[in-house]
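As a basis for the values below, the full set of heavy atoms in this structure was taken, side chains included, without hydrogen atoms, waters or symmetry mates.
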Amino acid sequence: MSLIVAARYQTFDQAGVAAQHLERHGFAGDRVHTFYVNTAGSHDRYPVGGDRREDPDATGGVIGVLFGASILGVLGAALTMLAVRNFQYSSLIVIAAGGVGAYVGALIGAMVAVGRVHRRRIRRNGAAVVEEHPPVRAAGVLLAVAVSSDKEGEVTRLLRESGGQDVERANGRWENGKWQDFDPLVPPEPEPAAR
């Protein structure tokens, strides 16, 4: 494992200027790696896209959809059957009413279930607690430098001097001049001097 110090830049040109600044101070070649980090949710970890199997904020939604659709679907069909039993209407009306009831029930059920889970997360021990989402790595060009622990402070200073934002430190696998095991879903650990 290598010690890695990295900073985010808005453009590759800005990161290039920072890399030249590092080179003038003896940090160059296979010790510097520049690459782009996509916005959260755009890393295509799954065949249909996205970073996670399911949205943590949608917990309980599927149960609400099934419960609401079944109850209001049956209720819509039953009420329509009662309303049209004395008339000579087609059974398609009953089926359509059941479908509309299922659609509306699915929507209401999902909203109620997700809202209930969300309220439970916010209220803990009877007191209101601010909902915390996991920190997300900002998109941009990342300039990473593999350093020894005695050069960490110097590289941090150089990155900040060259306009680097969100300066972070990490331990990772550095091979062939690249940060091989970089994971965009892992929130950055701020450089100690930035804390």
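Side-chain contact between M1 and D181: present, with at least one pair of heavy atoms (C-beta onward) separated by less than 4.5 Å.
The hydrophobic clustering, which links ILVMFWY residues whose side-chain heavy atoms are closer than 4.5 Å, places F27 and V17 apart. Taking hydrophobic clusters as Ile, Leu, Val, Met, Phe, Trp and Tyr residues chained together by side-chain heavy-atom distances below 4.5 Å, W179 shares a cluster with V37.
For Y103, the OH atom counts as loosely surrounded, since its 6.0 Å shell holds 12 or fewer non-hydrogen atoms of other residues, nucleotides or ligands.
Side chains of D13 and T11: a donor-acceptor N/O pair is absent below 3.5 angstrom, by distance only. For the residue pair H21 and E161, a side-chain donor N or O sits within less than 3.5 Å of a side-chain acceptor on the partner.
From L159, atom CG reaches atom CD of E168 across 10.5 Å, with rounding to the nearest 0.5 Å. Interatomic distance, NZ of K178 versus NE2 of H33, reported as 5.0 Å (0.5 Å rounding). For the atom pair OG1 of T34 and CD of Q14, the computed distance is 12.0 Å after rounding to the nearest 0.5 Å. Atoms NZ and OG1, on K151 and T156 in that order, are 13.0 Å from each other to the nearest 0.5 Å.
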message: Could you walk me through whether R160 and R157 satisfy the side-chain contact (heavy atoms from CB on, under 4.5 Å) test, starting with their C-alpha distance in whole Å, then the side-chain angles of each, then the deciding distance to 0.1 Å, before giving a yes or no?
response: CA-CA 5 Å; R160 285 199 178 107; R157 180 181 55 78; 5.9 Å; no
- prompt: Yes or no on side-chain contact (heavy atoms from CB on, under 4.5 Å) for L22 and L143, after CA distance, side-chain angles and deciding distance?
  reply: CA-CA 11 Å; L22 287 166; L143 174 63; 3.8 Å; yes
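The aromatic rings of F35 and F182 stand perpendicular to each other, their planes meeting at an angle above 60°, with 30° marking the opposite boundary.
Here the shortest heavy-atom pairing between E175 and Q180 reads O-NE2, 2.9 Å. Minimum heavy-atom separation, R31 to V147: NH2-N, 4.3 Å. Annotation for A7 and G164: closest pair CB-CA, 3.9 Å, computed over non-hydrogen atoms. Between A138 and D166, the shortest heavy-atom contact is CB-OD2, 4.1 Å. Scanning all heavy atoms of the two residues, the minimum distance from L3 to R169 falls at CD1-NH2, 3.3 Å. The minimum heavy-atom distance linking W174 with A144 is given by the pair CH2-O, 3.6 Å.
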